[in-house]
Amino acid sequence: MDNLSAFDMIGPVMIGPSSSHTAGAVRIGNLAKEIVNNEYQDIKIYFHGSFKETYKGHGTDRAIIGGLLGYKTDDPKIKDSLKTAAEMGIKFEFFPIKLENVHPNTVKLEITDVDGVNTTITASSVGGGKIVVTRLNNTELNLKGEYYTLITFHQDQPGLIAKISEILNIYNLNIAEMQVLRERKGHQATAIINLDHEIEDQILSLIRGIPGIKTSKLIKPLN
Amino acid sequence: MENFNTVKELIEIAEKKEISLAQVVIDREIKITELSEAEVREKMKETLEVMRESVKPALNQDIKSMSGLTGGDAKLVDQARKEGKSLVGDLFSRIIANTLAVSELNSAMGKIVACPTAGSCGIMPGSLLTLAEEYQFEEEKIIEALFVASGFGMVIAKQASVSGAAGGCQAECGSASAMTAAAITYLMGGSNQAVASAAAVALKNLLGLVCDPVAGLVEVPCIKRNAIGSSNAVTAAEMALAGVESVIPIDEVITAMKEVGDALPESLKETSCGGLAVTPTACRIKKELQTESL
């Protein structure tokens, strides 16, 4: 209760009908937009479980597309998002899917941006509008959109993580949480670093300049 | 700032400091958000405006839910009232119609205030705002009543739950009805004890209510249960303002609600595996909707 706000009880202001199937789906779209960070060419949406069974009545389809267009959970434009996206020339299609070991409210997104870059995201709406991205391309993760999150894709090698933390330390950026994953020793690895504060472009460039880092992304928190 | 985990503590803080129940909740909010009192009040004013707007569309337009299953009932009740056919009188009839209107808007992907949840969003605006309009209360007083409601909601969320999946509909419409009964009683000038009694009676009356949505949607029976939540809140407030006390104190009712919620089988907690959701008609509706699904 210490963290409960009066506006958690009288609020949030949202587009109905469901915090998990509508508001949560909008937030999944919002986070996917942050991750892709480019105009869309083609979007394939795969609904699993309860999303598959009830997406139409809950407007989950409109919510996901609305979220991808950047609408917030209280934006009445969500209701017309399918029409809007089609008018913008974005191709999108919905499919059923059965995924293993996932929350009942789960969606898989396959997004191709205008530069032809493919991104695959699996995310779940876990209640009350809270969400978690559990897979990004081939990497399992736990991304909730609560922090500034730095994701690096790099070659697994000794000292690389130390170099990242050294840079963050110099600029006095506190690491709230950190997770390092790799396919196998010496191969592709991923670091997911949750930070309390935003990273300036200059610091991001320094991190990107570390030998062995192939790409990196900075994802802003939702709302 | 003093925090409270029970309604008893909330009232004790108010009486010790000689401030209103609303002020205790506002002071706590200022502390945790680091906003000024004016900002906190302004935020609630904006929320109140959304609530007020959410009453209108389903009374003035023909709206349908996304599934096509619901919509239009608020208009029917309002029309009957306008034609002088109300059984219970103009004010109560408006409360029922306005409550249905907000819940129908929610099912039709309209903009609402979750209070405490989207599924129970019709109760507070339907009854509190209709009464506030009828008796022409000042904006600041309505805002304070909403803070009182949120204070009671926070205690319920802390001691029990406001989620249908965790506690059944008693946790959603029951909590909303209790919060609303408290807000109405506060608005009408009831004592702190009367406010607590109203909430206790409202929650007691909906204890055990199951969450059994047809086809898993926030429509049947949710929309009409909001109307019952409003009727119940007004009835509880009417009694409390007349001096009727709840024999069981609100904090004990909240604990009982938690126990009942825990004892309810999973089939009656938002899974659509029991109750109305498995009736022959519900099964037929579900099947019809599935032919349109993926």
Side-chain angles (χ1 to χ4, degrees), chain A residues 1-26 45-63 66 72-82 93-98 104-105 107 126-129, chain B residues 3-5 25-26 28-29 32-33 40 43-44 46-48 50-51 65-69 103 105-119 121 124 146-147 149-159 162-163 165 175 179 215-219 222 286 289-290 292-294:
Chain A
M1 162 147 181
D2 292 336
N3 300 321
L4 270 182
S5 156
F7 300 99
D8 291 326
M9 307 315 304
I10 312 272
V13 174
M14 58 172 272
I15 298 300
S18 161
S19 57
S20 54
H21 288 68
T22 318
V26 173
I45 300 121
Y46 300 86
F47 283 136
H48 165 88
S50 176
F51 270 6
K52 175 166 73 79
E53 299 296 331
T54 67
Y55 81 97
K56 197 179 164 72
H58 284 128
T60 312
D61 48 353
R62 297 159 194 250
K72 296 297 169 200
T73 49
D74 65 347
D75 194 332
K77 293 202 293 285
I78 290 167
K79 197 174 174 179
D80 300 315
S81 68
L82 300 184
E93 213 176 335
F94 298 92
F95 305 92
I97 195 168
K98 190 169 166 45
N105 299 331
V107 60
V126 295
Chain B
N3 211 345
F4 51 88
N5 292 309
V25 182
I26 291 168
R28 181 185 173 281
E29 193 68 18
I32 63 163
T33 59
V40 167
K43 197 171 169 191
M44 192 60 94
E46 288 166 11
T47 306
L48 171 59
V50 177
M51 270 190 186
S65 66
M66 303 316 291
S67 70
L69 208 54
S103 283
L105 183 70
N106 179 55
S107 298
M109 291 194 87
K111 185 170 170 176
I112 54 93
V113 179
C115 186
T117 61
C121 70
M124 185 70 74
L146 288 173
F147 276 110
S150 64
F152 278 71
M154 283 188 265
V155 173
I156 297 172
K158 163 81 179 169
Q159 303 292 348
V162 295
S163 143
S175 300
M179 289 163 64
L217 302 176
V218 193
E219 296 193 50
C222 320
K286 190 180 174 197
L289 291 174
Q290 266 173 348
E292 299 170 38
S293 105
L294 289 167

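Values in this document were obtained by computation on a predicted structure and should not be read as measured data. Each chain gets a letter, A, B and so on, in the order the sequences are listed, and its residues count up from 1.
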Answer with side chain, backbone, both or neither: which region of A:Pro76 has an atom nearer than 4.5 Å to a non-hydrogen atom of chain B?
side chain
Can you list everything that forms a salt bridge (charged side-chain N to carboxylate O under 4.0 Å, His left out) with A:Asp74? Sequence neighbours excluded, please.
none
Relative to each other, are the rings of A:Phe95 and A:Tyr46 parallel, tilted or perpendicular (30° and 60° limits)?
parallel
Structural part of A:Asp8 lying under 4.5 Å from a heavy atom of chain B:
backbone
What residue, out of A:Pro104, A:Gly59, A:Gly11, has the most heavy-atom pairs lying under 4.5 Å from chain B?
A:Gly11
Using side chain to side chain contact (heavy atoms under 4.5 Å, CB included) as the criterion, list what pairs up with A:Thr73, not counting sequence neighbours.
A:Ala23, A:Val26, A:Arg27
Using the six-membered ring wherever Trp is involved, compare the ring planes of A:Phe7 and B:Phe147 and label them parallel, tilted or perpendicular (cut-offs 30° and 60°).
perpendicular
Name the region of B:Met51, side chain, backbone, both or neither, that has any atom closer than 4.5 Å to a heavy atom of chain A.
side chain
Can B:Ser107 and B:Glu219 be counted as having a side-chain donor-acceptor contact under 3.5 angstrom?
no
Below 4.5 Å, heavy-atom pairs only: which of B:Ser65, B:Cys121, B:Ala108 has the largest tally toward chain A?
B:Ala108
I'd like to know which of A:Ser20, A:Ser19, A:Pro12 tops the heavy-atom pair count under 4.5 Å against chain B.
A:Pro12
